Structures are given as C-alpha cells and as structure tokens.
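Ligands are counted one by one from 1 in listed order, and the atoms in each one are counted from 1 as well. Values in this document were obtained by computation on a predicted structure and should not be read as measured data.
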Amino acid sequence: MPNGALPDTRSLAERARIALERCGTTGLPEAVGAPGRARTPITGQDLFPLEFATPVEAENAVAAAHAAFTSTWRDTPAPERGRLVHRLGELLREHKADLAELVTIEAGKIRSEALGEVQEMIDICDFAVGLSRQLYGRTMPSERPGHRLMETWHPLGVVGVITAFNFPVAVWSWNTCVALVCGDTVVWKPSETTSLTALGCHGLLMRAAADVGAPADVHRVVLGGADIGRTLVDDPRVALVSATGSTAMGRAVAPRVAARMGRYLLELGGNNAAVVTPSADVDLVVRGSVFAAAGTAGQRCTTLRRLIVHEDVVEEVTERIVNAYEQLGGRVGDPFEEDTLVGPLVSERGYEAMRAALERARADGGRVLVGGERRLEKDAAEAFYVEPAVVRMPGQAEVVREETFAPILYVMTYRTLEEAVELHNGVPQGLSSAIFTQDQAEAERFLSSAGSDCGIVNVNIGTSGAEIGGAFGGEKDTGGGRESGSDSWKAYMRRATNTVNYGGELPLAQGVRFL
Ligand code: UN1
C-alpha cells in the first residue's frame with residue numbers, strides 16, 4: 001500500500017532537472033519574455049518558471065523547419081532519413097528511465113505506465129525505420145500501349161504537431177518518427193502542462209540529429225498555450241496540422257486549417273465502451289475493464305467509460321468490478337511508489353469535471369457503487385487524487401454521452417445484442433470499443449459494418465493500450481484521423497500520379513480523337 005507521504009516539490013524539481021540533463025537538454029528557457037511554468041500534479045505545485053514562446057517565435061520556428069525541408073530533408077533518401085529515427089530509438093532505449101521520470105513528474109503517470117509510454121516510442125521508432133524502406137507507390141496497368149501508370153509518394157512539408165498532456169511523449173513520437181522518415185520536418189507544440197517532457201524529447205532528437213549529421217531544424221519545439229497552437233494552425237507553410245486533444249479543440253482547428261486548404265489529422269475525445277455478453281469470461285472482463293477504466297486515472301482518450309452488460313450477468317460482473325475497485329481505492333497516491341496504481345489527476349479542472357459528472361449522474365438516477373472521493377487533500381491541497389468510481393446508471397443519460405476526463409465507469413444493462421450495439425454507438429464519439437464474449441457469431445456481429453462504429457474494435461480485451469502497429473484514431477467527434485501504424489504514413493505525404501509515355505505515339509485516353 002502506498003504509505004501516503006508525497007514527495008516534496010523541491011525534490012521533484014531536482015529529479016526533473018537531472019533527468020533533463022541526462023537527456024541532453026541543457027539550460028531551461030528562463031521565464032523572461034512570455035512567462036510560463038513547469039508544474040507537477042504530484043504536489044500540484046510549480047517546479048520551475050519557464051519561458052514560453054511568442055507567436056513570432058513560433059513563426060520563426062516554422063520558417064526554420066520549412067527551410068530545412070526545402071533545402072535538404074525532402075531530398076534526403078528515405079532510408080537515410082530512417083537513420084535519424086534509428087538513432088533516436090537507440091537514445092530512447094538508453095534514456096527510457098529518464099524520460100519516464102519526466103512523464104511521471106509532469107503527467108502524474110505511475111512508473112510502469114510511464115515506462116510503457118516510452119516503450120511505445122521505441123516501438124514506433126522501429127516501425128518508422130522499417131517504413132523508411134517501404135514508402136510504396138503502386139503501378140497500375142495503363143489502358144494505352146507504350147505507357148506506364150504509377151504513383152509516387154512525396155514529402156508534404158512542415159507538420160505542426162499539437163499534443164495533449166496525457167500521452168506527452170508517445171503521441172509526439174507516433175507523429176514525428178513517421179513524419180521524419182516521410183521527409184517532412186516538424187514543429188511541435190506540446191501541452192503547456194508537459195513542457196519538460198517535450199524538452200527532454202527534443203534534446204534526445206537533437207542529439208540523434210547531431211550523431212547522424214541531419215539538420216537540427218528538422219525539428220523545433222515551441223512551448224506555450226493556445227496562441228502558439230493558433231499560429232501553427234494558421235501558417236500556410238504548415239502543410240499538415242496533426243492535433244490531439246479535446247473535441248472542442250478539434251472543432252476550432254479543423255475549419256481554420258480547411259479555410260487555407262491545409263490538411264489536418266485529428267485525434268480527439270473518446271467515450272469508449274465494452275459490451276459484456278452472457279458468455280463472457282468474467283475474469284477477463286474484470287482484468288480488462290479495471291485497467292482500461294482506472295489506469296492513467298481515467299485520463300486516456302481510450303479509457304473505458306461505459307460498460308454495457310447483459311442483464312443476466314450484471315450482478316456478478318458489477319460485484320467483481322466493485323471488489324477490484326475497493327482494492328484500487330487503497331492504491332491511490334504517489335505515482336513513484338511501487339504499489340500505487342492510480343496517480344493524481346493532472347489538474348483541478350479534471351477533478352471539478354469528475355465531481356460535476358458524479359452529481360449529474362446521481363440526479364439522473366445513477367448510484368455510485370464505489371469510489372469518487374478525493375484523497376490526500378490534507379497532504380497536498382493543490383493536488384487532485386481521486387478514488388476511481390463505478391456508477392450504476394438506469395440508462396444512457398446525457399452525462400454518460402459526454403467524455404469526462406476522469407476515472408468514472410458507468411454501468412448499464414441490455415437485453416439483446418441489437419440494443420447493446422445501439423447503446424454502444426449512441427454517443428457522439430467513436431474511438432475505441434470492445435466486446436467480451438465466447439460466442440463467435442456475437443463477436444463477428446460486433447466487428448461487422450453493422451456493429452461498433454469506432455476506429456478501434458476489440459474482442460476480449462479492454463479499450464485502451466493499443467499497439468503502435470495498427471492505425472490509431474476514430475470516427476465522429478473523435479475526428480476521423482489515423483496515426484501510428486498500418487498505412488497511416490500516407491497522411492504525412494502527398495501522392496503524385498505519373499503517366500509515362502515510352503511508345504513514341506500519343507494516343508489519348510478514353511479513345512478521344514483530337515487533331
Ligand atoms: C491517448 O490517450 O491519446 O491505446 C493515446 C492507448 C495508448 C495511446 C493512447 N496506446 O491507450
């Protein structure tokens with residue numbers, strides 16, 4: 001059991017400084033121009049003052065990344081671009097613990113999840129290095145004699161990467177490693193709550209660039225808030241804006257980028273559900289649901305928020321989950337402690353959202369079966385630790401249809417699979433989903449076009465913790481973008497269709513005669 005004592009802010013600041021130095025980030029930007037700060041949710045206090053960028057500095061970063069793109073990077077052979085990402089992967093292996101330390105300090109993730117996040121970076125490096133030799137275009141049979149029809153994939157330009165606090169390093173790496181091998185350069189605006197982890201990543205990438213002789217301006221980081229994001233969104237030199245965050249943020253970004261005919265790739269909110277059928281293996285349900293719902297203190301976009309359980313098994317399933325949550329309640333605390341399973345919420349805003357959601361759920365006839373209380377308030381008044389909550393709901397009330405970025409699991413019941421799918425799809429978001437069943441036909445129906453409407457659809461595992469090899473993203477209010485594995489790389493390149501005439505005659509297509 002965590003002993004309840006939290007580390008003091010000064011020791012956390014010292015640990016962050018050491019981890020950053022080990023990553024190769026020398027000298028933090030001092031707060032002079034646009035004042036910002038680094039903060040830790042472990043105590044809720046400031047670690048250091050930091051200088052945030054001004055919009056003009058962000059524009060200069062775009063200019064530098066654009067110059068690196070046109071002068072060298074787009075013409076560097078892709079396998080050679082892969083060498084940069086290969087070297088980054090080596091440095092990440094070496095500094096896995098340092099980066100995980102920063103993730104824990106700034107995002108409040110427990111040690112094992114922070115290490116897992118860095119592992120995701122290492123995995124995407126491997127993937128991207130392989131990809132650097134596999135940016136395949138197709139060749140199609142031409143309808144004309146003496147002609148060749150084919151497509152070529154070219155780099156796009158500068159990619160503006162905007163990331164959220166909850167996956168402060170992995171989401172950056174999915175975007176950046178793929179973009180770099182595709183021949184793009186990157187300007188990164190991290191969440192203003194995770195500036196230090198961003199400086200750590202940038203430091204490692206700059207070391208990799210120096211080691212392999214790549215231009216430093218293939219990557220720029222600009223710390224700051226929404227004004228910096230807007231600068232990237234509005235700059236016509238930013239060919240692709242890849243943004244991860246809330247649906248509200250995505251709604252602000254998409255029309256602005258579209259207005260200048262830029263491209264965007266959005267990875268927004270989720271309201272993920274699992275359907276538990278009568279044949280489900282309850283051990284798997286409990287294990288899968290508890291991690292998916294309470295892991296990362298409910299702050300993943302893939303977090304399980306709704307459990308749709310067949311009425312024949314709801315009592316057994318709920319009882320087992322409540323038992324597991326009762327144990328979890330004793331393991332909320334300092335994310336550095338080995339026994340802790342639930343670290344702090346990143347901010348007071350998350351806590352207030354949780355409180356308000358629980359109140360609304362109660363008003364709609366919901367019963368809080370376990371959890372929901374704030375913890376460690378006396379030890380750290382500015383930190384927000386909560387016991388993950390399970391709420392039995394009589395139906396899918398409005399509050400259940402919204403994404404509350406906190407550990408609340410709503411339990412609802414169903415009678416027929418049609419009803420379960422309707423409840424499942426009856427929310428605005430469409431990121432991740434799961435079904436627990438031993439019945440193959442039920443699993444297939446859930447996976448089919450008439451089943452889950454999400455971008456990620458799982459069988460007998462929870463909704464979170466996707467591997468990097470697949471495409472990651474979802475539909476509806478989740479924004480429609482796909483990042484990470486499979487053929488997501490195509491979003492980071494432009495396609496040229498080429499027709500080559502080697503026949504000496506010039507027949508027109510479709511049999512058209514002219515002159
Ligand atoms: C996110 O929460 O933005 O599937 C990303 C997962 C992780 C990534 C989550 N691999 O839970």
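- Remark: the backbone N or O of Glu106 is not paired with any side-chain donor or acceptor of Thr40 at under 3.5 angstrom.
- Look at Arg482 and Asp487 and you find no salt bridge, because none of the NZ, NE, NH1 or NH2 atoms lies under 4.0 Å from a carboxylate O.
- A salt bridge links Arg320 to Asp283: at least one charged side-chain nitrogen sits closer than 4.0 Å to a carboxylate oxygen.
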Problem - Test log, rule side chain to side chain contact (heavy atoms under 4.5 Å, CB included), inputs Ile321 and Asn323 - result: CA-CA 5 Å; Ile321 289 182; Asn323 282 344; over 6 Å; no
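- Within a 6.0 Å sphere centred on CD of Glu338, other residues, nucleotides and ligands contribute 12 heavy atoms or fewer.
- His219 and Trp188 have tilted rings, their planes meeting at an angle from 30° to 60° on a 0 to 90° scale.
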Which protein N or O atoms sit under 3.5 Å from any N or O of ligand 1? Give each pair with its distance.
| unit_1 | atom_1 | unit_2 | atom_2 | d |
| --- | --- | --- | --- | --- |
| ligand 1 | 2 (O) | Asn166 | ND2 | 3.2 |
| ligand 1 | 2 (O) | Cys301 | N | 2.8 |
| ligand 1 | 4 (O) | Gly465 | N | 3.2 |
| ligand 1 | 4 (O) | Ala466 | N | 2.7 |
| ligand 1 | 10 (N) | Glu120 | OE1 | 3.1 |
| ligand 1 | 10 (N) | Glu120 | OE2 | 3.1 |
| ligand 1 | 10 (N) | Ala466 | O | 3.2 |
| ligand 1 | 11 (O) | Arg300 | NH1 | 2.9 |
| ligand 1 | 11 (O) | Thr302 | OG1 | 2.7 |
| ligand 1 | 11 (O) | Gly465 | N | 2.8 |

